[in-house]
**Student:** 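Here it is: the structure, laid out below.
In this text, all values refer to a predicted model and were calculated from it rather than measured experimentally.
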Amino acid sequence: MTEHAPLILDVAGKELTDADRRRLAHPLTGGVILFSRNWEDRVQLLQLTSSIKAVRDDLLICVDHEGGRVQRFRTDGFTHVPPMRALGELWMKDALAATNAATACGYVLGAELRACGVDFSFTPVLDLDHGESGVIGDRAFHRDPRVAALLAKSLMHGLLQAGMANCGKHFPGHGFVKADSHTEVPIDRRSLKAILADDAAPYPWLSTTLTSVMPAHVIYPKVDSRPAGFSQRWLQDILRRQMRFDGAIFSDDLSMEGARRLDGQLVGYTDAAIAALAAGCDMVLLCNQSIGDGRAVDELIDGLEKAQAQGLWQPSVDSESRRVALLPETLPQPWDELMLQPAYMQALDLLP
């Protein structure tokens, strides 16, 4: 096991460049996140994921693939998984059929990704549908945290059947605020008691099921002046100690506007990464910076390496074991075999 590989990076195109290989081979790199620009068809995707694993077989290959509008691969046989709100609407008509459909969604989503060499998807969204947030919207299962938790648990059961881990996001809840943390810093002014009773409630209920969590780039000023992903109070005191969560914690994308405004200052990627790791994140994501000269990616790798040498950041054996635990433990089913599998065909029939 490497000492600690906290960086999740992206790659610019549909095949690896020499610069990509150099970055992926770096001991601080722990994984790759793929986007629509990395997709042409299933053959190309399988070649790309195979070439990533050829650099290092322990790299975690991730994607944002939730269903609805957040689904990176949509053609060449990939099933269009419905937005999670469709499962919440089905719940209002037939709760047990909805939980079964949610498991089917998780299985189809996970099995298709794994057949193309993808290890992990950042799903499910546990945010509640308050009707205010444009960036969350129909990505949320329901307004009721009990319904959201049960449907998410069912979806995670399907992922597990496909041999895939899961990621609850965006802790402690992004659904209440209107602002989009991709472009600004949302502020949720509710009390800790109100948040724990409502938006954050699914997290302790799912503590035995969640394998990873991604915090929100949202500031909750009545709890901490920093966004949740940079807050020891949220990540260590509340999520780890109070809610007894022991899985992996990913930062959300450090290139987002909401990610680097700390204590009123706009900080660089390295400082943001160090702050997230110090707060309790096991891994940090930097997305969409490999396009062009990729200078920001190299600066982050170099900066984190220097920070480690200077004692500003300490690697964690526990963080590394949490990262490795997200890698699949089973072999994926090849696509052509999956298409003929009765369980897969039944799952397709159950999608809402």
Side-chain angles (χ1 to χ4, degrees), residues 34 39-50 53 60-125 138-139 141-142 147-168 206 208-212 325-352:
L34 300 178
W39 160 262
E40 186 173 304
D41 54 34
R42 283 187 288 107
V43 170
Q44 170 270 328
L45 181 60
L46 196 54
Q47 286 173 341
L48 176 61
T49 54
S50 299
K53 292 288 186 179
L60 183 71
I61 303 178
C62 316
V63 69
D64 274 327
H65 203 85
E66 304 165 5
R69 59 196 156 99
V70 182
Q71 181 171 334
R72 305 303 184 206
F73 316 134
R74 296 173 170 271
T75 53
D76 198 19
F78 264 92
T79 301
H80 286 223
V81 178
M84 296 301 99
R85 182 186 282 166
L87 294 164
E89 288 168 349
L90 180 57
W91 173 281
M92 301 309 290
K93 299 173 194 161
D94 186 335
L96 291 174
T99 61
N100 206 27
T103 299
C105 284
Y107 177 65
V108 167
L109 187 157
E112 289 182 357
L113 287 174
R114 290 211 57 213
C116 293
V118 178
D119 298 321
F120 181 81
S121 176
F122 291 105
T123 189
V125 169
D138 66 1
R139 295 165 66 192
F141 289 102
H142 205 272
V147 177
L150 281 168
L151 288 174
K153 188 165 191 169
S154 298
L155 183 106
M156 291 189 284
H157 182 200
L159 291 172
L160 188 65
Q161 287 177 328
M164 185 175 281
N166 60 65
C167 182
L206 298 171
T208 57
T209 314
L210 285 168
T211 47
S212 71
L326 298 175
L327 290 161
E329 295 178 357
T330 57
L331 290 172
Q333 203 158 19
W335 188 277
D336 291 345
E337 288 179 26
L338 179 67
M339 294 300 111
L340 301 173
Q341 190 191 45
Y344 173 80
M345 291 191 282
Q346 185 193 10
L348 287 180
D349 290 341
L350 290 169
L351 298 190

**Student:** Under the side-chain contact (heavy atoms from CB on, under 4.5 Å) rule, what do Leu34 and His65 come out as? Steps first, then yes or no, please.
**Tutor:** CA-CA 10 Å; Leu34 300 178; His65 203 85; over 6 Å; no
**Student:** Looking at every non-hydrogen atom in both residues, tell me the closest pair between Val118 and Met164 and how far apart they are.
**Tutor:**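 Looking at all heavy atoms of both residues, the shortest contact is O-CE, 3.9 Å.
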**Student:** Kindly indicate whether the side chain of Arg72, heavy atoms from C-beta on, has any atom under 4.5 Å from the side chain of Trp39.
**Tutor:**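 Arg72 does not reach Trp39 side chain to side chain.
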**Student:** For Cys116 and Leu45, work out which heavy atoms get closest and say how close.
**Tutor:**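 For Cys116 versus Leu45, the nearest heavy atoms are CB-CD2, 3.5 Å.
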**Student:** CG of Asp138 to CZ of Arg69: how many Å apart, nearest 0.5 Å?
**Tutor:**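 Going from CG on Asp138 over to CZ on Arg69, the span is 5.0 Å.
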**Student:** If you measure from CD1 on Ile61 to CG on Asp119, what distance do you get to the nearest 0.5 Å?
**Tutor:**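 One gets 5.0 Å once the value is rounded to the nearest 0.5 Å.
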**Student:** Could you report the tightest heavy-atom contact between Leu109 and Gly67, atom names first, then the distance?
**Tutor:**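 Heavy-atom minimum between the residues: CD1-N, 4.4 Å.
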**Student:** Would you mind reporting whether Thr75 and Asp41 have side-chain heavy atoms less than 4.5 Å apart?
**Tutor:**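 Counting from C-beta outward, Asp41 and Thr75 never come under 4.5 Å.
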**Student:** Can you tell me how far CD of Gln71 sits from CG of Asp64, rounded to the nearest 0.5 angstrom?
**Tutor:**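 Answer rounded to 0.5 Å: 11.5 Å.
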**Student:** Show me, pair by pair, the donor-acceptor contacts under 3.5 angstrom made by side chains of residues 326-339, not counting sequence neighbours?
**Tutor:**
unit_1	atom_1	unit_2	atom_2	d
Thr330	OG1	Arg114	NH1	2.9
Gln333	OE1	Gln341	NE2	3.2

**Student:** Once you round to the nearest 0.5 Å, how far does CG of Leu155 lie from CG of Leu160?
**Tutor:**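 Taking CG in Leu155 and CG in Leu160, the distance rounds to 11.5 Å.
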**Student:** Determine whether Phe141 and Val125 make a side-chain contact, defined as any pair of heavy atoms from C-beta on separated by less than 4.5 Å.
**Tutor:**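 Not touching, per the 4.5 Å side-chain cut-off.
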**Student:** Could you measure the distance from the CG atom of Leu351 to the SG atom of Cys105? Nearest 0.5 Å is fine.
**Tutor:**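 One gets 4.5 Å once the value is rounded to the nearest 0.5 Å.
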**Student:** Once you round to the nearest 0.5 Å, how far does CG of Leu151 lie from OG1 of Thr99?
**Tutor:**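 The CG atom of Leu151 sits 7.5 Å away from the OG1 atom of Thr99.
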**Student:** Anything under 3.5 Å between a donor and an acceptor, one on a side chain of residues 77-87, the other on a protein residue two or more places apart or in another chain? List them.
**Tutor:**
unit_1	atom_1	unit_2	atom_2	d
Thr79	OG1	Glu112	OE2	2.6
His80	NE2	Arg74	O	2.8
Arg85	NE	Asp129	OD2	3.2
Arg85	NH2	Asp129	OD2	3.1

**Student:** Closest heavy-atom contact between Leu350 and Ala104?
**Tutor:**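 Result for this residue pair: CB-CB, 3.8 Å.
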**Student:** What is the minimum heavy-atom distance between Ser154 and Ala102, and which atoms define it?
**Tutor:**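 Minimum heavy-atom separation between Ser154 and Ala102: CB-CB, 3.7 Å.
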**Student:** How close do Met345 and Leu340 get, counting heavy atoms only, and between which atoms?
**Tutor:**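 Residues Met345 and Leu340, closest heavy atoms: CE-O, 3.3 Å.
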**Student:** Sequence neighbours left out, what passes ring pair (Phe, Tyr, Trp, His ring centres under 6.0 Å) with His157? Give chain and number order.
**Tutor:**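 So His157 forms no ring pair (Phe, Tyr, Trp, His ring centres under 6.0 Å) with any residue.
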